[in-house]
Amino acid sequence: MQDSSDRTRFRQRLLAWFDKHQRDLPWRKNRTRYRIWVSEIMLQQTQVVTVIDYFQRFIKRFPTVKSLAAAEESEVLKFWEGLGYYRRARQMHAAAIQIVKQHNGRFPDNFDEVLALPGIGRYSAGAILSIADDQPLPILEGNTVRVYARLMNFQEDVTKSASQKSLWAFADTLVTRKRPGDLNQALMELGSEICNKNTPQCMKCPVASFCLSLQRGDPRQLPNKGTKRVRYEALHQIAIVIQRRKRYAIRLCGPDEHWTGLWDFPRFTAHTGDIADKLKQVTQETKQRTGLSVQLGKPFLNLKHAVTRYRIELDCYHAVSVEGRLRAQQDLRWASLDELQELAMSVTGRKIVRHLMKA
DNA sequence: AAGACGTGGAT
DNA sequence: TATCCAAGTCT
């Protein structure tokens, strides 16, 4: 892969493989910048199988930049419900508004202008413009880090900025005017289908003859990602499902907490102590947070879920409030089951609602 | 530059 | 079960 004739043969082999094996994915049908943008944002840290249905529904409802810009953020979030990393949806919506104002509703085709949009970094800008417009821009993400590191037999810790620089430089040597969009997609697809993390299929690899780690080392040992350990933290929380007649008290998550922009049942940290003590604490805390005096019921659901480095155990309590005003704040409201169906909630919030529907 | 951000699948 | 991590970006 040192000289350009090597790289030419590399591209030919890889593209031939891609022509034969590429998956039939909805965003490959009609490659406008807008559609590729949506797919790329959804695909950030998210597996292809998960994205497919979300993409179809999203594009059907928001077929153009303008339709997305015209929508309420709450509706955009509803279409994102369950996908995670909700900031992506809020930033994409903000970017759509920006595109209408600054670019007359046309998704820009200039790299720096695309990079300037919220939620789009170097990878996404390169991916969108190479895939949609065949602009010769390099990409570097999870799959290609692995592919490049193995091809180069690159031993350094790939999380270091110096390594990132080398990997971007390598990516840059790969991409040319020859079908850059397909090349980039082929590199990623090779990384996920053949050059995968645990069981690389080197026997099936169309570019094995170029792979230095296969010749001189062990592909499975690469990439070297350093030895940083995530410190998981166990959390015990309480969710209160406060009912009055047919409605439930919910609150909008704010900017400094998980699930910003989504609705959730009032939640707080569970206290330790004996049972009676705990229930008293829960009632007090509920009063403090919502302004409501509640008659606490039984815990009806226990959920375990993980959010980033937190492992959360959530005890859900029924509670009834017959009188009193919900604290006069924008982030609190009453909602019927029908209304809860329409609002964007986190997966745990949605599980609670599903449970209420069944009961 | 290390850590936050969601969720579900794989090992 | 615990841990990693998947088409990253932002702070």
Side-chain angles (χ1 to χ4, degrees), chain A residues 22-23 25-28 36-55 77 80-92 94-95 114-128 130-132 137-147 157-164 167-168 171 181 183-193 195-199 220 223 225-234 253 255-262 264 303-313 344-351:
Chain A
Q22 71 167 294
R23 302 174 60 180
L25 299 173
W27 45 89
R28 288 187 175 153
I36 300 299
W37 175 40
V38 172
S39 72
E40 286 301 332
I41 300 299
M42 286 187 170
L43 285 163
Q44 287 173 5
Q45 300 290 285
T46 309
Q47 298 187 333
V48 169
V49 282
T50 309
V51 167
I52 293 174
D53 289 341
Y54 280 91
F55 176 82
L77 283 169
W80 211 269
E81 184 182 283
L83 247 194
Y85 286 135
Y86 300 99
R87 181 174 313 183
R88 293 180 296 177
R90 292 186 288 112
Q91 286 179 317
M92 193 163 69
V114 173
L115 192 60
L117 295 168
I120 298 185
R122 184 172 177 188
Y123 160 75
S124 298
I128 294 164
S130 64
I131 296 170
L137 294 163
I139 56 160
L140 185 66
E141 42 64 76
N143 286 308
T144 44
V145 164
R146 188 169 55 253
V147 171
D157 178 351
V158 296
T159 65
K160 302 294 180 191
S161 59
S163 302
Q164 292 283 309
L167 292 163
W168 273 109
L183 185 83
N184 282 338
Q185 292 185 89
L187 285 161
M188 292 189 280
E189 205 135 308
L190 185 78
S192 69
E193 306 295 310
C195 194
N196 61 35
K197 177 172 167 281
N198 294 317
T199 56
R220 286 166 304 182
K225 294 197 171 186
T227 52
K228 56 181 181 301
R229 277 256 172 277
V230 210
R231 276 284 179 246
Y232 291 97
E233 190 178 333
C253 299
D256 298 324
E257 53 188 329
H258 288 139
W259 306 299
T260 304
L262 305 196
D264 196 8
L303 299 172
K304 293 177 173 62
H305 66 112
V307 185
T308 64
R309 67 187 192 84
Y310 300 100
R311 288 173 49 250
I312 305 177
E313 179 171 3
M345 305 188 89
S346 68
V347 165
T348 47
R350 187 54 58 200
K351 282 180 180 169

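The figures here come from the full heavy-atom set of this structure, side chains too, leaving out hydrogens, waters and symmetry mates. Residue numbering restarts at 1 for every chain, and letters A, B, ... go by the order of the sequence lines.
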Quick one: label A:Thr159 by what it contacts on the DNA or RNA (base, sugar-phosphate, nothing), any heavy atom closer than 4.0 Å. nothing
Whole-Å distance, A:Gln44 CD to B:dA4 P, equals 19 Å
Remember a base hit wins even if backbone is also touched, and classify A:Tyr86 as base, sugar-phosphate or nothing at under 4.0 Å, heavy atoms. sugar-phosphate
Would you please confirm or rule out a distance under 4.0 Å between OP1 or OP2 of C:dC10 and any side-chain N or O of A:Tyr85? no
Short side-chain N/O contact to B:dA4 OP1/OP2 from A:Arg309, under 4.0 Å: yes
By nearest atom, which of the nucleotides C:dA2, C:dA6, B:dA4 is closest to the A:Arg311 side chain? C:dA2
Scan A:Gly191 against the nucleic acid and name what it touches under 4.0 Å (heavy atoms): base, sugar-phosphate only, or nothing. nothing
If only side-chain N and O atoms of A:Gln45 are considered, is one of them under 4.0 Å from the OP1 or OP2 phosphate oxygen of C:dG8? yes
A:Arg87 or A:Leu25: which one's nearest nucleotide on DNA chain C is closer to the 5' end? A:Leu25
Which part of the nucleic acid, if any, lies within reach of A:Ile139 when heavy atoms closer than 4.0 Å are counted: base, sugar-phosphate only, or nothing? nothing
Heavy-atom distance under 4.5 Å between the side chains of A:Met345 and A:Leu262, does that happen here? no
Mind checking A:Glu141 for me? I need base, sugar-phosphate or nothing, with any heavy atom below 4.0 Å counting as a touch. sugar-phosphate
Counting heavy atoms from C-beta on, name the nucleotide in C:dG8, B:dA2, B:dG6 closest to the side chain of A:Tyr123. C:dG8
Using atom CZ of A:Arg88 as one end and atom P of B:dT7 as the other, report the distance to the nearest whole Å. 11 Å
Could you check whether A:Lys225 gets within reach of a base, just the sugar-phosphate, or nothing at all, counting any heavy atom under 4.0 Å? sugar-phosphate
If you only use heavy atoms from C-beta on, which nucleotide in C:dC10, C:dC4, C:dA7 is closest to the side chain of A:Gln91? C:dC10
Closest nucleotide of DNA chain B for A:Thr199 versus for A:Ala306: which of these residues is on the 5' side? A:Ala306
So, is A:Thr46 close to the B:dT7 phosphate, meaning a side-chain N or O under 4.0 Å from OP1 or OP2? no
From C-beta outward on A:Gln47, which listed nucleotide comes closest to its side chain: B:dG9, C:dA7, B:dA1? B:dG9
Got more than 12 heavy atoms from elsewhere within 6.0 Å of CZ, A:Arg220? no
Using a heavy-atom cut-off of under 4.0 Å over every strand shown, decide if A:Trp80 touches base, sugar-phosphate, or nothing. nothing
How is A:Thr50 classified with respect to the nucleic acid when contacts are heavy atoms under 4.0 Å: base, sugar-phosphate, or nothing? nothing
Would you indicate, yes or no, if C:dA7 has its OP1 or OP2 atom less than 4.0 angstrom from a side-chain nitrogen or oxygen of A:Asn143? yes
Nearest-Å distance, CD (A:Gln185) to C1' (C:dA7)? 10 Å
What distance, rounded to whole Å, do you find between the two P atoms, one in B:dG3 and one in C:dA7? 23 Å
Using whole Å, report how far CD of A:Gln164 lies from C1' of C:dT9. 13 Å
Hey, do the aromatic rings of A:Trp80 and A:Tyr54 have their centres closer than 6.0 Å? no
Between A:Tyr310 and B:dG6, does any side-chain N or O lie under 4.0 Å from OP1 or OP2? no
Nearest-0.5 Å distance, CG of residue A:Leu167 to CD of residue A:Glu141: 11.5 Å
Can you tell me how far P of B:dC5 sits from CG of A:Leu262, to the nearest Å? 13 Å
Describe the nucleic acid contact of A:Arg23 in one word from base, sugar-phosphate, nothing, applying a heavy-atom distance below 4.0 Å. nothing
Atom C1', compared across B:dA1 and C:dA6: separation rounded to whole Å: 22 Å
Scanning both residues in full, the closest heavy-atom pair of A:Ile52 with A:Pro26 reads CG2-CG, 4.0 Å
Which part of the nucleic acid, if any, lies within reach of A:His258 when heavy atoms closer than 4.0 Å are counted: base, sugar-phosphate only, or nothing? sugar-phosphate
Is there side-chain contact between A:Glu233 and A:Arg311, with at least one heavy-atom pair below 4.5 Å? no
From CG of A:Leu43 across to C1' of C:dT9 the rounded distance in Å is 15 Å
Pick the closest DNA chain C nucleotide for A:Leu117 and for A:Arg146 by heavy atoms, then say which residue is nearer the 5' end. A:Arg146
Using a heavy-atom cut-off of 4.0 Å across all strands, would you classify A:Ser124 as base, sugar-phosphate, or nothing? sugar-phosphate
Nearest-angstrom distance from the residue atom CD1 of A:Ile312 to C1' of B:dT7: 12 Å
Quickly work out the A:Glu313 CD to C:dA2 P distance and round it to whole Å. 12 Å
Quick one: do A:Asn143 and A:Ser192 satisfy side chain to side chain donor-acceptor pair (under 3.5 Å)? Show the steps, please. CA-CA 6 Å; A:Asn143 286 308; A:Ser192 69; 4.9 Å; no
Any chance you could measure A:Met92, atom CE, to A:Ile41, atom CD1, to the nearest 0.5 Å? 6.5 Å
